[in-house]
Structure formats: structure tokens, C-alpha cells
Enquirer: 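Quick one: this structure, given as C-alpha cells, is what I'll be asking you about.
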Amino acid sequence: MNNFKAALAEKLKLAAAESFPEADLSDVDFKDMFEYPPDPEMGDVALPCFKLAKLFRKAPPLIAGELAKCDYGDSVESVNCAGGYLNFKVSNEYLASSVLKEIEEKGEKFGSNEIGKGKTAVLDYSSPNLAKPFHIGHLGSTVIGHSLKLIHEFCGYKCIGINYIGDLGTQFGKMIAAYKLWGDEKTIEKEGVNATVALYVKFHEEAEKDPSLEDVARSESKKLEDGDPENTEIWKRLVELSLKEYEVTYRQLGITFDSYNGESFYTDKMPEQVEKLRESGLLKIDDGASIVDLSEYGMPPCLILRSDGGTLYPTRDIAAAVYRKKTYGFDKCIYVTSAQQILHFSQWFKVVELMGYDWYKQLVHVPYGTVSIDGKKLATRKGDVVLLRDLFATAIEKVNAVMDEKNPDLENREEVAEAVGVGAVVFHYLFNSRIKDINFNMDAALSFEGNTGPYAQYTYARTCSVLSKAGDFDRASEAVITDKSEADLLKVLSMFPERVETALADYEPSVITRYAIDVCTAFNRFYHNCQILGAEDEKVRSTRLRLTAAAGTVLKSALHLICLKTPEKI
Ligand code: ARG
């Protein structure tokens, strides 16, 4: 509706100048004032006249009444006033000639914009702690992060995706200790990361019986930090195994990263920042540790160095941000993590500000809620976790079972089952606003009905199927709209650019997920109400086919923005 609103705003300006010649309209921008009426029967776009009361020296209903008398041209079907609102209905001619044309002309670019033109966004996402299993807790950072990257790209940003892998920390001490005690290269060779996860689990079981193992782990960790060659070799092996494992999941999701510079990459970049902190007098010694006091800002202190001189999570984040600013010259650096890290990010963002880096305002933390599966919270320690890989495998298997029944001879069946199974999980997850805690329900996710990925993908496939049966049709002559469901579909399609802007501004992929459902609902209503292939009138038929194609184009773009693939046949 953006274009409609822009054109209407210009006409309103003329109308207002005519009706209220004494008012100064130079600061009035009608385009920003529009709202959407809660009930579409009232109108498609509304102008609330309350803010104009002062300027026009009249009560809002009177202003609406005056403005309703003006002529708004062919794009407006009707104007009416209700209270202080002026309600406009968009005309079918406008939808057919303008909205449909625009979608056809722009194709897969429809909905995109240039908000980020010439700007760079760095996105730090997924970023799992290696050597631990890649479990459903990582789904959020991975798919919200990737979707935000795609949305930023769609809005003209140049994007750098960084997988800031957790390749340091105490878990490596534990892994190395376990590897030395019980590790068996043959099993590891054969089972890859499964074997190392088993070692990790065993370590925790054994350490419960024999707490001295924790000391062993700490000393292995220290040796690794000091560059011990044997431990470095084992560490490299563990990192490599984990990454290989993650690649399977990333490939299923269609995710690639521009950089895998993880925490260890910043080891030699921290001293400079620590020095800067010290020189500027920000570092305080507290119980032997070096901290930045943030009490003035209502936060606990930010820990920079442990009492043994070891660096900490915030220290690395500060060094990494400085490095990224220098390397990529970002206009935004976005971090996608669970809401449990909100304090961590507020703290070190503040420290960056106090250090005098004026780009601190460009750092953005995007938190999300926790996930449980059918009510169960997830823990890593006991091995009682749902691995992403297994979650996807279960989903794919279930889709396969449905296909056995419904469409056993489908070509590229494996590929399609993967796209639908993985898509179902992602869609189900991205349907909720990110900050909400969600409970994952596999059966609901996989249903072909309701607000699900399979339903959306199936609707897309339906548009493809109609078009493939249609053969050639006339796309050039004037479109004619004869049914309300056609106009309603076009109205929904015309909202895509605005939804993209909202998703970008709010860092909220769920806006797109929900919009995809709006498109599906509108398309399916149209599909059931109107004969498409069988329409008698040639013009009506070609208009309906064009509508089908337009719905397919927009649905495909929307689904791609939330990491879903769009098979043409399901
Ligand atoms: N590895 C961390 C974790 O799994 C997430 C890292 C997020 N990114 C960052 N720059 N701190 O909790």
C-alpha cells in the first residue's frame, strides 16, 4: 500500500489546501499519518484527523467531512467519514493496473528497498560453543540470525555473516581431559562428533563421582591456553569435528558464513584493548580481578581479566567489535543470542562507549526467548538434549511417511522431503515473536493445515501447478477484477514492502512468517472462490493466472527471507 499512500498523500495535500486555504501545510506529511482501519470493510487506509484539529481550527469530524468532499481520482473507490477518521477504499482499477503491474515488473525484487544502500551490516549469529552438541537451543540464533541477514540484504545492506564459534573455554579442558582418559581415535573416526559428545557426557558423569576431575580439566585448559602442542593438536581436531558436523545442519538450512573467526581468533587482539582500558583509567582491581565499574549505570561490573590474568567473554567481545569495525567498517553490528545474555551485551556495549568509541551506537543486541520441546527444558550436561540434526531428521522422516502415502512418485523426493521437513521446524519457530519463550511441538509444526511451513510451501506449489497447467496466456492486456477475493489478494500482496520494512526495523522475522500466512490465506480463498483455469472469459482467465503468478512471486520471496526453500512440487 506504500505507493497508494504516497499518491493519496499528494492528493490530500491539494484537497486540504483547497478546503483550508488559511492553514500552513508546509510541515504536514499525510503519508506518515495514515493508519489501517481495524475492519477492512470500513476502508483500506484511514486518515485520522485529530492531529489536524489545531492546524485547521476545526473539530476532527468536521475536517474529515470537508476533506471527504474532494476528488481523489481513479485510484480511490470511495471515501467516507467515521468520527474523526477519513476512510479510503482503493479501487479495483488501481489494484489491477498499479499493484499487479508493479509485482510483475519487479518480480523477485518486489518488496525490497534501498534503506541500507551503501551501508554494511555485520551479523554475528549461530556462534555455538564447539565440542558441545549443536542442540535446539542454537536454533534461535541460527535461523533468526540468518533470516535477519537475508532481510538486511533485501533492504540493500551489504552483509557479513560471522559465526563467532566458541572455540575457547572450560569445556575444552573437559573435552581434552576426557579425550586423554577415554578417547579412542577409531571410534572418533567412525562416529565423529557423536563420539566426542559421548566423551563430554561421560566426563560429567564421572566428575559427579570424582570431583577431582574438574581440576584435571582446569589444568588441561590452562595448558591449552599456554600453547601446549599436544593439547593444541587435540583442540584442532575437536574444532574440526564439530564444524564438520555443523556444516550438515547449515547446508540443510541453506546457510553459509563469510567468516568463522571464533573466540580464539581474538587472543592476540585483546591486550591492546585491555591496555586502552587501563590507560583511560577505566580498569579497577576488585579482589584481584580487573573490572570496569558500571554501578553508575545500574549494572554489575564488567569483568575484563580474571585474577590469574586470563581474559573473559566480554574482553573478547570488545576486541572482536574493534576488529570488525576496522575490518568491515560496519554501519551496524548485530548480535543474535538468547535473552540470557542481555546483561552481558548491555555491559560491554557500555564499556565500548566509555572507551570513547563513537560507533558504540551501531552495536545491536537481538535477544530471543528459550525453547523447550513438548514442555521439557533442555540441558547439555547430561546429554539429555535434542540435537538439531536429530530434530531435522525426525521432521524429514515424518514428511517422507506422508509422501509415501500421498505422492510416492514425486521427482527429487529426497530434496523435497528435506526442504519441507526442515522448513516446518524453521517456520514453526519463526512464527512467534522472537522474545517469547516457545514450546516446540513437532506434530503441530508438521501439519499441512494451519499456520505451518508445509501449508505455506504447499500453497506455493499450488501456484506453480496452476501455472504449469495453464500454458501460454496473455499477460499484456488490461487486467479485470470481478471477484472480491481477487481484490483482497492484491491488497495483501501490496503490503509486502511495508512488512519488510517493519521486519527490518524491529529485527523481527516473525513479521515475515505471519505475512506469508496472510498471503496463503488470501490466495487459497481466491483459489476456492474463483475458477482460474476454467474461467470462460479470456480476460478473466488471464487476470487470474497473473494473480496466481504474482502470489507465487511474493510468497516465494517471503519464504526465502525466513530461510525456507520453495519446491515447485510437493
Ligand atoms: N558462543 C556463545 C554461546 O553459545 C554465543 C556467542 C554470541 N556472540 C558474541 N559475540 N558474544 O552462548
Side-chain angles (χ1 to χ4, degrees), residues 108 111-128 137-165 246 249-250 252-261 317 320-321 324 328 330-342 345 349 361-371 388 422-423 425-436 438 453 496-516 556-565:
E108 57 192 37
S112 68
N113 62 57
E114 300 199 329
I115 293 173
K117 197 174 171 194
K119 294 190 185 141
T120 300
V122 166
L123 293 105
D124 174 318
Y125 65 99
S126 197
S127 309
H138 296 114
L139 183 64
S141 180
T142 306
V143 300
I144 294 170
H146 195 61
S147 173
L148 290 179
K149 181 177 178 215
L150 299 172
I151 292 168
H152 276 76
E153 274 168 351
F154 205 47
C155 295
Y157 282 90
K158 176 180 173 208
C159 292
I160 315 282
I162 300 183
N163 194 344
Y164 181 66
I165 48 179
Y246 299 166
T249 307
Y250 291 142
Q252 288 179 321
L253 288 165
I255 296 181
T256 53
F257 292 94
D258 302 292
S259 160
Y260 283 87
N261 286 342
D317 258 327
R324 289 171 188 174
Y328 306 111
F330 59 70
D331 298 273
K332 286 198 210 186
C333 186
I334 298 161
Y335 300 84
V336 186
T337 79
S338 89
Q340 281 143 5
Q341 299 196 28
I342 288 178
F345 282 94
F349 285 2
K361 288 194 200 105
Q362 298 171 336
L363 303 172
V364 184
H365 181 221
V366 178
Y368 59 86
T370 53
V371 188
L388 274 186
V422 171
V425 172
V426 173
F427 195 96
H428 186 62
Y429 181 73
L430 290 181
F431 191 73
N432 298 286
S433 37
R434 60 178 160 76
I435 202 67
K436 274 208 194 134
I438 80 155
F496 189 38
E498 278 156 82
R499 293 287 188 265
V500 170
E501 282 175 29
T502 309
L504 178 83
D506 298 348
Y507 300 94
E508 189 62 86
S510 67
V511 171
I512 304 293
T513 319
R514 284 167 186 262
Y515 175 69
K556 183 174 177 176
S557 296
L559 292 177
H560 285 188
L561 288 180
I562 49 168
C563 321
L564 261 76
K565 293 175 184 155

Enquirer: Evaluate side-chain contact (heavy atoms from CB on, under 4.5 Å) for Thr142 paired with Tyr246, printing each intermediate quantity in order.
Expert: CA-CA 11 Å; Thr142 306; Tyr246 299 166; over 6 Å; no
Enquirer: Identify the heavy atoms of Phe330 and Ala321 that sit nearest to each other, and give their distance.
Expert: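 In terms of heavy atoms, the two residues are closest at CE2-O, 3.9 Å.
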Enquirer: What's the spacing between Asp317 CG and Asp124 CG if we round to 0.5 Å?
Expert: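 It is 7.0 Å, given to the nearest 0.5 Å.
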Enquirer: Counting distance only, does the side-chain N/O of His152 pair as donor-acceptor with the main-chain N or O of Leu148 below 3.5 Å?
Expert: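 At least one qualifying donor-acceptor pair exists.
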Enquirer: Quick check for you: to the nearest 0.5 Å, what is the distance between His146 atom NE2 and Ile151 atom CD1?
Expert: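 Nearest 0.5 Å value for the NE2-CD1 distance: 10.5 Å.
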Enquirer: With a 4.5 Å limit on heavy-atom distance, are the side chains of Glu508 and Thr502 in contact?
Expert: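 The answer is no; the side chains never approach within 4.5 Å.
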Enquirer: To the nearest 0.5 Å, what is the distance between CZ on Phe154 and CD on Glu114?
Expert: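 Spacing of CZ (Phe154) from CD (Glu114) equals 12.0 Å.
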Enquirer: Could you tell me whether the side chain of Lys149 reaches within less than 4.5 Å of the side chain of Ile255, counting heavy atoms only?
Expert: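 A side-chain contact under 4.5 Å is absent here.
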Enquirer: Testing the basics here: between Val426 and Ile562, what is the closest heavy-atom pair and its distance to 0.1 Å?
Expert: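 In this case the closest contact between Val426 and Ile562 is CG1-O, 3.5 Å.
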Enquirer: So which heavy atom on Tyr429 is nearest to which on Gly369, and how close?
Expert: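 Residues Tyr429 and Gly369, closest heavy atoms: OH-O, 4.3 Å.
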Enquirer: Looking at CD of Glu501 and OG of Ser112, how far apart are the two atoms once the value is rounded to the nearest 0.5 Å?
Expert: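 Going from CD on Glu501 over to OG on Ser112, the span is 10.5 Å.
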Enquirer: Which atom pair, heavy atoms only, marks the closest approach of Pro367 to Ala339?
Expert: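 Scanning both residues, the minimum pair turns out to be CB-CA, 3.8 Å.
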Enquirer: With no hydrogens and no angle check, do the side chains of Tyr250 and Asn163 hold a donor and an acceptor under 3.5 Å apart?
Expert: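 Yes, Asn163 and Tyr250 have a side-chain donor paired with an acceptor closer than 3.5 Å.
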Enquirer: Answer yes or no: is there a donor N or O on one side and an acceptor on the other, between the side chain of Ser141 and the main chain of Tyr125, under 3.5 Å?
Expert: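 Between the backbone of Tyr125 and the side chain of Ser141 there is no qualifying donor-acceptor contact (under 3.5 Å).
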Enquirer: Taking C-beta and beyond as the side chain, do Ser510 and Asn432 meet within less than 4.5 Å on heavy atoms?
Expert: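 Contact flag for Ser510/Asn432 side chains = no.
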Enquirer: Check the angle between the aromatic planes of Phe349 and Phe345 and answer parallel, tilted or perpendicular using the 30° and 60° thresholds.
Expert: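 Judged by the thresholds at 30° and 60°, the geometry between Phe349 and Phe345 is perpendicular.
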Enquirer: So, Ser433 side chain and Ile435 main chain: donor-acceptor pair closer than 3.5 Å or not?
Expert: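 Looks like no, no N/O pair under 3.5 Å.
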Enquirer: Taking Lys565 for the side chain and Gln252 for the main chain, is one N or O donor matched with an acceptor at less than 3.5 Å?
Expert: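 Confirmed, Lys565 side chain pairs with Gln252 backbone.
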Enquirer: Does atom NZ (Lys158) have a neighbourhood of more than 12 heavy atoms from anything else shown, all under 6.0 Å?
Expert: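 Counting other residues, nucleotides and ligands, NZ of Lys158 stays at 12 neighbours or fewer.
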Enquirer: Are Val371 and Leu139 packed together at the side-chain level, in the sense that at least one heavy-atom pair is separated by less than 4.5 angstrom?
Expert: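 No, too far: nothing below the 4.5 Å cut-off.
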Enquirer: Do the non-hydrogen side-chain atoms of Ser259 and Tyr328 ever get within less than 4.5 Å of each other?
Expert: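 Contact flag for Ser259/Tyr328 side chains = yes.
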Enquirer: Would you indicate whether the side-chain heavy atoms of Cys159 and Leu123 approach each other to under 4.5 Å?
Expert: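 Leu123 vs Cys159: side chains touch.
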Enquirer: For the residue pair Cys563 and Ser147, what are the closest heavy atoms and their distance?
Expert: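 Of all heavy-atom pairs spanning Cys563 and Ser147, the closest is SG-N, 3.9 Å.
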Enquirer: Give, for atom CZ of Arg324 and atom CD1 of Ile162, the distance between the pair rounded to the nearest 0.5 Å.
Expert: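 So the gap between those two atoms works out to 4.0 Å.
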Enquirer: Counting N and O atoms only, with roles assigned by atom type, does the side chain of Arg434 sit under 3.5 Å from a partner on the main chain of Tyr507, one being a donor and the other an acceptor?
Expert: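 Yes: the side chain of Arg434 pairs with the backbone of Tyr507.
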Enquirer: Show your reasoning for whether side-chain contact (heavy atoms from CB on, under 4.5 Å) applies to Cys155 and Val500.
Expert: CA-CA 8 Å; Cys155 295; Val500 170; 3.6 Å; yes
Enquirer: Heavy-atom distance under 4.5 Å between the side chains of Glu108 and His560, does that happen here?
Expert: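 The answer is no; the side chains never approach within 4.5 Å.
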Enquirer: State, to 0.1 Å, how close Leu430 and Thr513 come at their nearest heavy-atom pair, and which atoms those are.
Expert: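 Here Leu430 and Thr513 meet closest at O-OG1, 2.9 Å.
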Enquirer: If I take atom CG from residue Leu504 and atom CD1 from residue Ile115, how far apart are they, to the nearest 0.5 angstrom?
Expert: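 The distance works out to 5.5 Å.
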